[in-house]
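To start, the structure itself, in structure tokens.
A note on names: the letters A, B, ... follow the listed sequences, proteins ahead of strands, and every chain is numbered from 1.
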2 protein chains.
Amino acid sequence: MNSRLLDLQQRVLSKNDQLAQSLRNRFQSAQILTLNLVSSPGSGKTAFLEKTLAQMSQTWAVAALVGDLATDNDAKRLARSGAPVRQIVTEGMCHLEAEMIDLHLQGWNLAKLQFLFIENVGNLVCPSSYDLGEALRVVLLSVTEGEDKPLKYPPMFSSADVAIITKIDLAEAVEFDRNAAHANLRAVAPNIRIFESSAKTGAGVTEWIEFLVQKRESMFFQTPKE
Amino acid sequence: MNSRLLDLQQRVLSKNDQLAQSLRNRFQSAQILTLNLVSSPGSGKTAFLEKTLAQMSQTWAVAALVGDLATDNDAKRLARSGAPVRQIVTEGMCHLEAEMIDLHLQGWNLAKLQFLFIENVGNLVCPSSYDLGEALRVVLLSVTEGEDKPLKYPPMFSSADVAIITKIDLAEAVEFDRNAAHANLRAVAPNIRIFESSAKTGAGVTEWIEFLVQKRESMFFQTPKE
């Protein structure tokens with residue numbers, strides 16, 4: 001690539017990093033656990049988030065921002081949970097940036113929120129370079145995509161804290177090789193925490209929510225539940 | 001986005017377009033039908049291409065270039081067909097560019113080729129902006145990804161000439177809505193040609209190959225078979 005273009009991209013990234021850090025500080029002061037959900041298109045981010053919001057919103061103050069190139073379909077789906085949801089339309093851009101998060105938080109009282117979910121644009125490449133101020137980066141990988149994806153898209157998987165293997169109800173139909181998938185995840189991200197779930201059957205969702213609640217307690221209240 | 005960055009990106013795109021046009025001229029003189037295969041990660045591009053190459057290479061002079069951020073797994077898989085195959089490792093870049101195609105064609109005698117398949121990086125956003133000199137842009141959409149994808153990634157689908165709905169063997173298991181998928185494809189790409197296929201069962205592959213052979217004849221020999 002053109003070196004002047006690379007230069008300018010570096011500057012855009014560094015500006016993004018600064019803004020992400022200021023968002024992170026705001027989330028910390030407000031004791032919000034913020035998550036950045038990334039994956040291929042069609043991995044089931046929205047379905048998984050829908051389940052998560054529906055279950056969590058009974059007990060916790062949750063909200064979501066959702067990014068797409070076009071349409072507000074996902075925001076409409078997620079809003080059925082009753083949680084506050086806003087759509088970010090990127091108009092062709094392949095990732096979310098910290099500036100878009102900052103803009104779309106306006107008018108929300110952060111002091112009243114406990115968990116903020118950011119659903120990124122479906123893309124296993126570009127979002128890996130853009131910090132959104134999240135505490136946890138969560139990559140979703142559906143059993144239908146193939147166990148090799150962590151090896152083929154290393155920047156995304158190695159930058160993630162948590163991996164959710166989705167559509168686990170289809171594992172048998174697609175002859176999903178669980179051991180290979182886990183081994184490939186750990187090959188690029190040795191410390192990644194792995195969950196398996198199905199938005200269809202609800203499998204794994206409760207365990208995931210318990211993890212988030214405990215994570216938030218350990219971040220902000222220093223006496224984690226055991 | 002920064003306006004200087006946009007400016008520079010425009011110049012990179014325009015340089016890419018010029019090089020793509022010169023590739024297109026070379027493919028035309030050599031009477032090669034060149035295809036650019038794009039999709040999400042895990043839509044089954046490599047499996048579909050593997051089936052296509054294995055069947056076509058018995059009769060036709062076919063070759064493939066395959067792009068990935070990392071690994072040469074796909075080139076190894078495709079080479080089992082016996083066709084010449086080269087891996088393009090993009091080292092983190094989210095798409096192929098015409099320059100990479102030009103570079104990786106070196107040493108191949110184009111006069112002896114009839115079909116060239118380019119498997120792009122798995123990404124439903126970035127590759128849409130980069131012409132590779134192809135005669136046909138082919139977007140793959142697996143039944144597991146959801147019927148809404150054409151509406152959510154319009155630039156990719158509207159720039160494609162052909163759509164292949166893959167993993168059709170899983171249609172029932174995922175309650176695939178065929179009518180909705182076709183309607184959404186046509187909503188963003190009214191003239192798109194749609195095929196359905198399964199690399200597992202082989203369904204649809206013969207019809208697809210017949211289409212390619214006929215397309216090549218109509219492009220270069222003016223008396224298409226009926």
Side-chain angles (χ1 to χ4, degrees), chain A residues 1-2 4-9 11-12 15 39-44 46-47 68-74 77 90-95 97 99 121-129 141-156 166-167 169-170 172-175 188 200, chain B residues 1-2 4-9 11-12 15 39-44 46-47 68-74 77 90-95 97 99 121-129 141-156 166-167 169-170 172-175 188 200:
Chain A
M1 205 198 285
N2 183 302
R4 283 182 59 205
L5 184 59
L6 271 179
D7 254 22
L8 264 178
Q9 285 195 334
R11 268 184 271 165
V12 170
K15 192 185 147 209
S39 81
S40 302
S43 294
T46 312
D68 278 298
L69 268 67
T71 82
D72 61 353
N73 298 352
D74 284 0
R77 275 173 69 187
T90 68
E91 290 173 3
M93 206 180 278
C94 57
H95 58 271
E97 299 188 359
E99 194 175 7
V121 177
N123 187 319
L124 271 186
V125 188
C126 319
S128 70
S129 309
L141 172 68
S142 68
V143 298
T144 63
E145 286 170 61
E147 302 81 1
D148 61 338
K149 292 301 165 291
L151 305 180
K152 292 178 67 181
Y153 299 87
M156 185 62 91
T166 59
K167 307 190 189 181
D169 55 291
L170 293 173
E172 208 172 321
V174 298
E175 297 166 36
V188 298
K200 194 170 177 181
Chain B
M1 203 196 287
N2 182 302
R4 284 181 60 204
L5 184 60
L6 270 179
D7 252 24
L8 265 177
Q9 285 195 335
R11 269 184 270 164
V12 169
K15 192 184 147 209
S39 81
S40 301
S43 294
T46 312
D68 277 300
L69 266 68
T71 83
D72 61 352
N73 297 353
D74 284 0
R77 275 174 69 186
T90 67
E91 290 172 3
M93 206 180 279
C94 57
H95 58 271
E97 298 188 1
E99 194 175 7
V121 176
N123 187 319
L124 271 187
V125 188
C126 318
S128 70
S129 309
L141 172 68
S142 68
V143 297
T144 63
E145 285 169 63
E147 302 81 1
D148 59 339
K149 292 302 166 289
L151 305 180
K152 292 179 65 180
Y153 299 88
M156 185 62 92
T166 59
K167 308 191 190 180
D169 54 291
L170 293 173
E172 208 171 321
V174 299
E175 298 166 33
V188 297
K200 193 167 179 184

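Contact check for A:Pro41 versus B:Pro41: side-chain heavy atoms found under the 4.5 Å cut-off. Within the 4.5 Å cutoff, no side-chain heavy atoms of A:Leu124 are placed close to those of B:Asn123. Contact of the B:Cys126 side chain with the A:Val125 side chain is not registered, since no non-hydrogen atoms from C-beta on lie closer than 4.5 Å.
For chain B, the option among A:Gly92, A:Gly122, A:Gly44 with the highest count of heavy-atom pairs below 4.5 Å is A:Gly122. Most heavy-atom pairs under 4.5 Å with chain A, from the set B:Leu69, B:Asp169, B:Asp68: that is B:Leu69.
Partners of A:Glu91 according to the salt bridge (Lys or Arg N to Asp or Glu O under 4.0 Å) rule, which considers only residues two or more places apart in sequence or in another chain, do not exist here.
Atom NZ of B:Lys152 sits about 4.5 Å away from atom OG1 of A:Thr46, to the nearest 0.5 Å. Between the CD atom in A:Glu145 and the OG atom in B:Ser40 there is a gap of 8.0 Å [rounded to 0.5 Å].
The backbone N or O of B:Thr144 sits less than 3.5 Å from a side-chain atom of A:Lys167, completing a donor-acceptor pair.
Contact annotation for A:Asp74: only side-chain heavy atoms (C-beta onward) come within less than 4.5 Å of a heavy atom of chain B.
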Could you go through the side-chain contact (heavy atoms from CB on, under 4.5 Å) check for A:Lys200 and B:Glu175 one step at a time?
CA-CA 11 Å; A:Lys200 194 170 177 181; B:Glu175 298 166 33; 3.4 Å; yes
Mind running side-chain contact (heavy atoms from CB on, under 4.5 Å) on A:Leu170 and B:Val174 for me, showing each step along the way?
CA-CA 8 Å; A:Leu170 293 173; B:Val174 299; 3.5 Å; yes
